[in-house]
2 protein chains.
Amino acid sequence: MESGNEHATTYQYHAEDKVLLAVDCIIFGFDQEDLKILLIKRGFEPEKGKWSLVGGFLKKEETLEDAATRILKSYTGLDDIYMEQVDTFSEVNRDPVERTVSTAYYALINIKEHSISNKQFSANWFSVSKAPHLIFDHDKMVQHALRRLRNRAATEPIGFDLLPEKFTMRQLQKLYEAIWDTQFDKRNFINKIHAMNILDKLAEKDMTTSRKGSFLYKFDAEKSKAQNDKSFDFKG
Amino acid sequence: MESGNEHATTYQYHAEDKVLLAVDCIIFGFDQEDLKILLIKRGFEPEKGKWSLVGGFLKKEETLEDAATRILKSYTGLDDIYMEQVDTFSEVNRDPVERTVSTAYYALINIKEHSISNKQFSANWFSVSKAPHLIFDHDKMVQHALRRLRNRAATEPIGFDLLPEKFTMRQLQKLYEAIWDTQFDKRNFINKIHAMNILDKLAEKDMTTSRKGSFLYKFDAEKSKAQNDKSFDFKG
DNA sequence: TATTTTTTGTGTAAACTTGACACTATGGGT
DNA sequence: ACCCATAGTGTCAAGTTTACACAAAAAATA
């Protein structure tokens, strides 16, 4: 509201129309092969035992961002996570127990750092393409989040949040391929990434995947910022 | 929420954390020259008399979309308006009277059809670039909406919602120029639009702006749908 | 120590897309 | 008949995107 008019009676603000506001998080991770999401087995009714996004309720003294941050911390042990609001879902009966409106956020985390005791919450990583059906409208939330991630990753250098600090070109390419569920040509990919000038090439090599070894790179926030005006634009 | 865990106690769903959910609408219009937004003078405290977006509260039995539609109808008299959710704003003190979370929608309307008695609500159209400061976080909402509109208009043929049913190429170009606050080359623009193959050229001419007259076009939803798979992509 | 194997790393040419650019056509008003 | 304002039209250069193939490295094995 906030835009007064003759319809809005007063500033009592109609207390009877208050609703519960939830936050649900689509936590994306990447395991060198697939784009994954973190799901948990719901621990209470309704839909107990079904798979669901992680979530919680907005508290009186916090913003939606605060709530999402709190929830992410509690499930992954991680702070300082890249996060973006996706959409707010408000179907009247989306939650059968009580009217609940939910704002979805997606988050990108480096799957290796996510140290959480999965057992504590029966949490599990699922490939996006192989995830089970989720409760309520959570499948729809995932679809929206994925669309958003794709758009965002095409125009901002956010992919790096899904990788370890040091990564190979191969890993980076696999990541982008996973995000868009497609294949890129190796040479074109590398050329494009190099042209962006947002990476530092390290002296170190990663020897785990080949006999030759492949150079490691690091995302360079400084360079990236410098390039920012010139505008990032990855389309594959 | 909806994702159960040991933190969420039960399905009492913490009634004490309910909040008021508002909907605020950024109503865009176009007057052949500038991109405009419809603002109203707020009729009650706090901030009575200041300019504000149109808005209202979410009711128990409606979705956010329903609420936005209802609000748009009440202020513009129009149904069937193109609308898109922008973002949900939740700063704790955004509304000084009471904790209120607000979801912003932007809407595109044909300014000519908007027949509302402006006086009824002290509503006024303002050029986006010349709008007064708005209450609360409404300026921020407008900025977000504008960004969204630009992105959307670059990838989907939504501009037509801002124009009369029949329009000239000149008008269409002016519209796109207004949306991006930039200038396009006439020939390149027309070529690009023609290449999209989503317009019908009518036999009629508009004689109001020149002696020669200029042909009128109509947006063709059928053609547009057919082209849709081939993907729309306007970048100027 | 030569050979095999696997993955890394590198450049060019064709196709396509974008962007810059200027003149003629039209028709009502004078 | 002429004037004038706006409509309408095409080409070429530059830049971008895509397709494509082979040599280098180094560890493992014979």
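Below, each value reflects all heavy atoms present in this structure, side chains not excepted, and no hydrogens, waters or symmetry copies. Proteins come first, then strands; the chains are lettered A, B, ... in the order of their sequence lines, and each starts at number 1.
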Rounded to whole Å, how long is the line connecting atom [atom1] of [X] with atom [atom2] of [N]?
| X | N | atom1 | atom2 | value |
| --- | --- | --- | --- | --- |
| B:Gln183 | C:dC21 | CD | C1' | 16 Å |
| A:Met207 | C:dT8 | CE | P | 11 Å |
| B:Phe184 | C:dA20 | CZ | P | 12 Å |
| A:Tyr217 | C:dG9 | OH | P | 6 Å |
| A:Leu216 | C:dT8 | CG | P | 12 Å |
| B:Arg211 | C:dG27 | CZ | C1' | 9 Å |
| A:Asp206 | C:dT7 | CG | C1' | 11 Å |
| A:Phe215 | C:dT8 | CZ | C1' | 10 Å |

Considering heavy-atom distances to DNA chain C, does A:Asn191 or A:Ser214 have its closest nucleotide positioned more toward the 5' end?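 So the residue in question is A:Ser214.
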If only side-chain N and O atoms count, and only distance matters, is there a donor-acceptor pair under 3.5 Å linking A:Asp66 with A:Thr69? no
Consider only side-chain N and O atoms of A:Thr168 and A:Asp206, and report whether a donor and an acceptor are under 3.5 Å apart. no
Counting only side-chain heavy atoms from C-beta out, which of C:dG11, C:dG29, C:dT8 sits nearest to A:Lys212? C:dT8
Starting the side chain at C-beta, find the nucleotide from C:dT10, C:dC21, C:dG19 nearest to B:Asp185. C:dC21
Give me the first and last nucleotide of DNA chain D, going 5' to 3', that has any atom under 4.0 Å from a heavy atom of chain A. D:dT18 to D:dA28
Cation over ring face, B:Lys201 and B:Phe215, 6.0 Å, 45°: yes
Answer with yes or no after comparing the ring centroid distance for B:Trp125 and B:Phe30 against a 6.0 Å cut-off, counting only values under it.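 Ring centres of B:Phe30 and B:Trp125 not closer than 6.0 Å.
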Test of ring centre spacing under 6.0 Å for B:Phe89 and B:Phe136: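 Here the rings of B:Phe136 and B:Phe89 have centres that are no less than 6.0 Å from each other.
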Sub-4.5 Å side-chain heavy-atom contact between B:Asn110 and B:Asp161: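 The answer is no; the side chains never approach within 4.5 Å.
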Return the 5'-most residue of the pair A:Lys186, B:Arg170 with respect to DNA chain D, ranking by each residue's nearest nucleotide.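 The 5'-side residue here is B:Arg170.
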B:Thr168 vs B:Asn188, nearer the 5' end of DNA chain D by closest nucleotide: B:Thr168
Pair A:Asp31 + A:Lys36: basic N to acidic O under 4.0 Å: yes
